[in-house]
> 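Here it is, the structure in full.
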Amino acid sequence: MTETPQTRTDAPTLSAQYQPGEVERRRYEGWVSAGHFRADASSDRPPFSIVIPPPNVTGSLHVGHALDHTIQDTLVRRRRMQGYEALWLPGMDHAGIATQNVVERQLAAEGLSRHDLGREKFVERVWQWKAESGGAILGQMRRLGDSVDWDRERFTMDDGLSRAVQTIFKRLYDGGLIYRAERIINWCPRCLTALSDIEVDHTEDDGELVSIRYSDDVVVATTRAETMLGDTAVAVSPDDERCKHLIGTEVELPLTGRRIPIVADEHVDPSFGTGMVKVTPAHDPNDFEIGQRHGLPSLTIMDERGVITAHGPFQGLDRFEARPAIVAALRAQGLIVAEKRPYVHAVGHCSRCKTTVEPRLSLQWFVNTGPLAKAAGDAVRDGRTRIEPPELAKRYFGWVDNMHDWCISRQLWWGHRIPVWYGPDGEVVCVGPDEQPPSGDGWRQDEDVLDTWFSSALWPFSTLGWPDATPDLAKFYPTSVLVTGYDILFFWVARMMMFGLYAMKEQPDSHAVPFRVVALHGIVRDQHGKKMSKSFGNVVDPLDWIDRFGADATRFTLARGANPGSDVAVSEEWVQGSRNFCNKLWNATRFALMNGAHTEGELPATLSTVDKWILSRLQHVVTEVDQQLEGFEIAKACDTLYHFAWDDVCDWYVELVKPVLAAGGEAGDASRRVLGHVLDQLLRLLHPVMPFVTDELWTALTPGQTVVTAAWPVTDSALVDDAAEAELATVQRVVTEIRRFRSDQGLRPGQRVTARLGGLAGAGIAAHEPLIRSLVRLDEPGDGFAATATLAVTGAIGVELDTRGAIDVAAERARLEKDRAAAQKEAGQCRAKLGNPAFVDKAPEPVVNKIKDRLAAAEADLARIAAALGALPAS
RNA sequence: GGGCGCGUAGCUCAGUGGAAGAGCACUCGCCUUACAAGCGAGGGGUCGCAGGUUCGAAACCUGCCGCGCCCACCA
């Protein structure tokens with residue numbers, strides 16, 4: 001076969017190794033300029049839409065984004081191939097507090113604060129930073145191969161989205177679901193802003209619990225002694241006999257001389273500590289509630305930076321300086337009854353800067369989440385939106401069913417300014433997007449901006465043009481799937497559900513939800529399952545992997561671990577493995593092209609068993625992969641394709657057809673067409689996960705076309721062929737057994753082996769004798785044998801192997817004895833089962849038959865092993 | 001404190017009632033004319049522990065042990 005038959009003259013020559021870099025750049029630009037990713041709202045194809053979870057403009061994409069994007073791209077590319085009008089809408093989030101912090105740090109490096117610039121100049125500066133940082137993210141998305149519609153890129157602060165924000169704010173305000181109130185909120189004394197519950201991280205911190213004697217009868221315990229300056233009552237349980245006599249009396253608050261009442265409140269647990277609680281309504285959420293119930297005054301003793309403002313010796317001290325100072329002062333007066341003792345308790349920290357959060361009484365804007373959260377829960381409960389995997393729906397319910405009102409005002413400059421104006425006489429006017437704000441002396445706009453998540457919550461419809469009735473909104477809302485990590489199920493997904501249902505409530509119920517399915521994945525971890533963190537030094541940059549191994553290898557590695565809802569462990573070695581897989585595909589296609597494989601015309605009517613077998617296997621794979629992707633089981637789809645490509649196609653089919661292709665003739669022609677078809681279909685199936693290499697190869701196989709818009713494979717049940725699969729299974733077993741013999745015997749490659757395969761005739765394998773010989777490199781029968789071993793591969797099939805050197809009879813005997821022991825055990829187990837009347841009676845028939853088959857096989861094996869042992873020469 | 005989840009090969013993980021699996025790692029043998037980023041053959045697991053349900057359990061139930069995550073206003 002020096003002359004390769006029928007090599008196509010137009011087939012491109014491929015190098016021996018896949019070089020991703022150049023291919024990726026060329027392919028991506030080609031896709032974009034051809035407009036393959038542009039969605040058309042006016043088409044009559046069925047819609048499929050995904051909005052990207054908008055990354056923060058501040059950051060760069062990490063490997064978690066790469067996972068998130070790979071999953072989305074896989075879903076979108078498959079739907080596109082299936083003929084859907086597929087839209088993947090890209091964009092970014094302005095990330096209010098995070099971005100403002102970054103720019104403030106830059107300013108600090110220049111020795112400036114935002115106040116030095118003033119609001120307008122500062123915001124300008126943030127926009128500049130956004131342009132730089134955002135550009136880098138878009139570049140990363142191109143490198144990943146994201147098939148997003150660049151014409152529809154959005155930003156949470158662009159004009160359209162700002163209008164959406166103002167519109168929904170006005171609607172909620174008019175509907176009574178947004179209100180302004182003085183409440184205890186989480187306050188960051190460093191960022192100088194309110195935070196919502198989800199912007200607070202709790203950690204178990206060591207504190208010290210001290211007990212303070214307020215009077216002979218009144219002793220309270222606290223970890224925050226400094227707040228006593230703001231106490232306006234002591235509370236006891238109404239059921240506590242020890243304290244009954246105190247209710248309604250007063251006590252003098254040490255260090256202040258103020259007299260405060262003792263009240264009875266249900267909140268107090270009589271079994272904890274002394275059963276008496278100091279009440280500081282202005283600095284503790286519980287105490288605030290108690291204060292409300294008893295009409296207690298709220299005494300603020302700290303400013304926004306956490307510095308004591310209460311008159312007296314502690315004024316001007318930071319809260320953490322004031323604590324020991326006050327304890328010391330109390331001790332000096334003999335009022336510390338129990339020494340400090342260590343006490344572990346949960347302390348809130350600002351999720352952005354880690355500063356200890358201070359509960360602070362202040363005037364803020366809130367969303368009344370009650371009705372919104374109820375609707376968000378119901379939509380999942382009744383299946384209008386499905387959460388995948390379903391187990392995670394419990395977490396979702398836990399969140400929406402227990403949601404507190406949402407503090408949405410932030411004392412920041414970067415964000416959507418609250419569209420409320422205050423008049424000189426205390427008027428409050430909420431201004432809609434198409435209305436003029438009130439003008440004239442004394443009118444001013446609220447200084448605060450909205451929580452970033454307020455605009456993120458609108459993302460699935462604000463990006464499609466809402467509040468206008470745009471063609472995009474009509475075509476692509478509700479979006480088909482939301483793909484995101486389970487870690488933001490609560491704060492983002494739940495809020496999109498709330499606002500989507502509210503904004504779209506004029507739609508029929510089933511069309512108001514922002515997405516039909518929420519497909520959740522986990523976070524990316526390192527090869528030991530450790531969370532990636534900068535301090536641990538195990539963070540990987542997806543671009544680094546893309547540079548060294550290619551985008552497809554990076555994507556395949558992540559996709560291969562993407563079991564729904566579970567974390568993904570990755571390491572560089574695994575990316576290498578994926579890179580090797582890309583190369584395997586590359587070389588398989590290269591081999592095919594060198595041997596004249598093609599995709600022209602129908603499949604041949606007459607097919608060899610081998611061709612029938614691979615086509616049958618392909619049908620199973622098409623069915624399986626399709627189901628797996630439909631169910632978001634991307635990891636399983638990858639696994640199915642990996643093994644089909646590597647094991648079935650490369651290791652078996654290609655090796656089996658080599659002699660056929662070399663021999664030429666009609667059989668060769670048929671196999672050329674089949675090989676072309678199998679690769680064509682395989683590359684289509686793999687394309688959603690590994691878009692670059694598959695397109696490069698598919699185009700080589702089908703010049704002038706792209707797999708991006710090629711049709712997604714469909715199962716052809718006429719090609720399923722059980723008989724061919726069974727026949728090939730036998731061939732594979734024969735081949736493997738012969739190879740095992742050679743390997744066990746340590747036969748050198750140059751050492752000649754002869755086999756008589758006559759015994760195969762009974763199983764219809766005789767026709768494949770040339771194939772088997774070619775796969776195990778057997779010579780034709782010869783003479784001059786020095787030793788003979790007989791191996792019965794299956795019960796009915798015998799293979800005689802002759803070697804020209806003496807075989808290791810002892811080794812072969814040991815092997816056969818081992819096999820015999822295994823077969824005996826197997827037979828014993830089967831007999832025991834079949835001898836159990838309960839089993840035969842109750843087990844389903846197919847199961848019983850299976851056991852009978854196993855027993856028959858084991859008995860046949862025993863027979864053949866006995867024969868083989870008998871044929872072994874004496875040692 | 002409440003809730004959820006996990007414990008299967010050295011590592012990371014599939015496997016939800018009918019013969020213990022994959023990738024990587026490991027051992028041995030091969031530069032076989034698509035690919036050494038490759039080919040062939042192997043070794044390796046009382047499926048956390050103890051009970052229970054069942055003809056049959058890695059899978060279902062109970063308890064225990066060991067991890068992890070989320071939520072949380074007992075001073």
Side-chain angles (χ1 to χ4, degrees), chain A residues 1-2 14 16-18 184 197 202 209 220-224 227 235 267-269 271-280 284-289 343 345-346 348 359 391-392 394-395 398-399 402 404 486-487 489-490 522-523 525-529 531 549 553 560-561 563 565-571 573-574 576-595 635-636 639 642-643 650-651 654-655 658 662 735-736 739-744 746-749 775-777 826 829-830 833 836-844 846-848 850-851 854:
Chain A
M1 66 170 179
T2 45
L14 304 180
Q17 277 190 358
Y18 173 51
I184 296 274
D197 291 346
H202 289 89
L209 192 64
V220 298
T222 182
T223 54
R224 300 174 62 215
T227 62
H267 169 259
V268 180
D269 175 359
S271 66
F272 186 93
T274 58
M276 300 178 217
V277 179
K278 58 190 280 304
V279 181
T280 323
D284 183 278
N286 282 320
D287 294 4
F288 181 75
E289 296 293 321
Y343 185 73
H345 62 143
E391 304 91 82
L392 286 172
K394 287 180 207 159
R395 286 199 192 187
W399 178 257
N402 300 296
H404 295 166
Y486 61 71
D487 50 333
L489 176 62
F490 319 121
I523 61 172
R525 296 170 177 273
D526 73 7
Q527 66 268 43
H528 300 299
K531 210 166 176 171
F549 305 111
R560 209 178 176 186
N563 292 116
S566 60
D567 292 346
V568 183
V570 293
S571 78
E573 285 166 355
W574 304 354
Q576 275 174 27
S578 301
R579 184 267 318 264
N580 296 354
F581 182 50
C582 292
N583 198 45
K584 192 72 181 171
L585 294 170
W586 180 266
N587 276 293
T589 309
R590 182 162 157 254
F591 168 84
L593 291 170
M594 289 191 304
N595 286 279
K636 284 181 188 149
D639 202 54
Y642 180 90
H643 284 108
C650 292
D651 286 348
V654 165
E655 295 304 322
K658 271 180 182 172
V735 168
T736 302
R739 284 171 175 166
R740 195 231 86 212
F741 176 79
R742 292 186 57 113
S743 185
D744 277 4
L747 299 179
R748 308 295 309 170
L775 284 180
V776 297
R777 298 173 169 271
E826 169 80 354
Q829 283 173 351
C830 292
K833 280 209 160 195
N836 178 353
F839 171 74
V840 181
D841 195 42
K842 294 195 178 178
V847 174
V848 177
K850 213 167 166 183
I851 301 292
R854 277 171 52 193

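We name chains A, B, ... by the order of the sequence lines, and we start the count at 1 in each one.
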> With both distances kept under 3.5 Å, what pairs with B:C4, Watson-Crick or G-U wobble?
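B:G68 - that is the nucleotide pairing with B:C4, both distances being under 3.5 Å.
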
> Using atom P in both nucleotides, what's the gap between B:C13 and B:G51 to the nearest angstrom?
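Looking at atom P only, B:C13 and B:G51 are 30 Å apart.
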
> Does B:A58 pair with anything, Watson-Crick or G-U wobble, both distances under 3.5 Å, and if so, with which nucleotide?
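Here B:A58 is not engaged in any pair, so there is no nucleotide opposite it.
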
> Can you give me the N/O atom pairs linking the protein to nucleotides 46-48 of chain B at distances under 3.5 Å, or say none if there are none?
none

> May I ask you to evaluate whether A:Lys658 reaches the phosphate of B:A34, defined as a side-chain N or O under 4.0 Å from OP1 or OP2?
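For B:A34, OP1/OP2 do have a side-chain N/O of A:Lys658 under 4.0 Å.
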
> What distance, rounded to whole Å, do you find between the two P atoms, one in B:U32 and one in B:G38?
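One P to the other, the span is 16 Å.
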
> Please state whether the phosphate of B:G5, meaning OP1 or OP2, lies under 4.0 angstrom from any side-chain nitrogen or oxygen of A:Lys394.
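For B:G5, OP1/OP2 do have a side-chain N/O of A:Lys394 under 4.0 Å.
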
> Check whether any side-chain nitrogen or oxygen of A:Lys584 sits under 4.0 Å from OP1 or OP2 of B:A36, and answer yes or no.
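No, A:Lys584 has no side-chain N/O under 4.0 Å of OP1/OP2 on B:A36.
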
> At under 4.0 Å, does any side-chain N or O of A:Asn580 touch on OP1 or OP2 of B:G38?
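So the side chain of A:Asn580 is within the cut-off, an N or O lying under 4.0 Å from OP1 or OP2 of B:G38.
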
> Please name the nucleotide paired to B:A34 by Watson-Crick or G-U wobble geometry with both distances under 3.5 Å, or report none.
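Partner of B:A34: none.
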
> I would like to know whether A:Ile523 and A:Tyr486 meet side chain to side chain contact (heavy atoms under 4.5 Å, CB included); could you show each step before the answer?
CA-CA 8 Å; A:Ile523 61 172; A:Tyr486 61 71; 4.2 Å; yes

> Please give the nucleotide sitting opposite B:C26 as a Watson-Crick or G-U wobble pair, both distances under 3.5 Å, or none.
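The answer is B:G42, by the H-bond criterion.
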
> Going by purine N1 to pyrimidine N3 plus the second Watson-Crick contact, or the G-U wobble pair, all under 3.5 Å, which nucleotide sits opposite B:A9?
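Partner of B:A9: none.
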
> NA contact type, A:Arg579, heavy-atom cut-off 4.0 Å: base, sugar-phosphate, or nothing?
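It contacts base atoms.
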
> Do nucleotides 12-24 of chain B as a string where each nucleotide becomes B, S or -: B if the base has a protein heavy atom under 4.0 Å, S if just the sugar-phosphate does, - if no protein is that close.
S-SS--BB--SBS

> Just by modelled atom types, is the A:Ala16 backbone N or O under 3.5 Å from a matching donor or acceptor in the A:Asn587 side chain?
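Indeed, once roles are kept as given, a pair shorter than 3.5 Å links the two residues.
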
> Taking the six-membered ring of A:Tyr642 (Phe, Tyr or Trp), confirm whether the NZ or CZ of A:Lys584 is under 6.0 Å from its centre and within 45° of its axis.
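Not satisfied by the 6.0 Å and 45° rule.
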
> Which one is paired to B:U16, where only Watson-Crick or G-U wobble pairs with both distances under 3.5 angstrom count?
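Paired with B:U16, as far as the under-3.5 Å criterion goes, is no nucleotide at all.
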
> Do the non-hydrogen side-chain atoms of A:Val847 and A:Phe839 ever get within less than 4.5 Å of each other?
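Yes, close enough: below the 4.5 Å cut-off.
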
> For the CZ atom of A:Phe549 and the SG atom of A:Cys582, what is their distance to the nearest 0.5 Å?
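If I round to the nearest 0.5 Å, the distance is 11.5 Å.
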
> Answer with yes or no whether A:Arg740 presents, from its side chain, a donor or acceptor under 3.5 Å of a partner atom in the base of B:A41.
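Answer no: no donor N or O sits under 3.5 Å from an acceptor.
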
> Once hydrogens and angles are ignored, does a donor-acceptor distance under 3.5 Å link the base of B:A37 to the side chain of A:Gln576?
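Per atom types, no contact qualifies.
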
> Need the pair for B:C49. Rule: Watson-Crick or G-U wobble, both distances under 3.5 Å, any strand; none if unpaired.
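Paired with B:C49, as far as the under-3.5 Å criterion goes, is B:G63.
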
> For A:Pro837, is there any backbone N or O sitting under 3.5 Å from a side-chain donor or acceptor partner on A:Asp841?
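Not at all, since once roles are kept as given, no pair shorter than 3.5 Å links the two residues.
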
> At 4.0 Å (heavy atoms only), tell me whether A:Asn402 reaches a base, stays on the sugar-phosphate, or touches nothing.
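A:Asn402: no heavy atom of the nucleic acid under 4.0 Å.
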
> The side chain of A:Trp399 is closest to which nucleotide in this list: B:A75, B:C71, B:G40?
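Between B:A75, B:C71, B:G40, the one nearest the side chain of A:Trp399 would be B:C71.
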
> So which one's nearest nucleotide on RNA chain B is more toward 5', A:Met276 or A:Arg395?
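Per heavy-atom nearest nucleotide, the more 5' residue is A:Arg395.
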
> Kindly compute the distance separating CG (A:Asn583) from CD (A:Gln576), expressed to the nearest 0.5 Å.
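Reported value, rounded in 0.5 Å steps: 12.5 Å.
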
> Describe the nucleic acid contact of A:Thr589 in one word from base, sugar-phosphate, nothing, applying a heavy-atom distance below 4.0 Å.
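The residue A:Thr589 makes no contact with any strand.
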
> Write down the distance separating the C1' atoms in B:A14 and B:A58, rounded off to the nearest Å.
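About 12 Å, rounded to a whole number of Å.
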
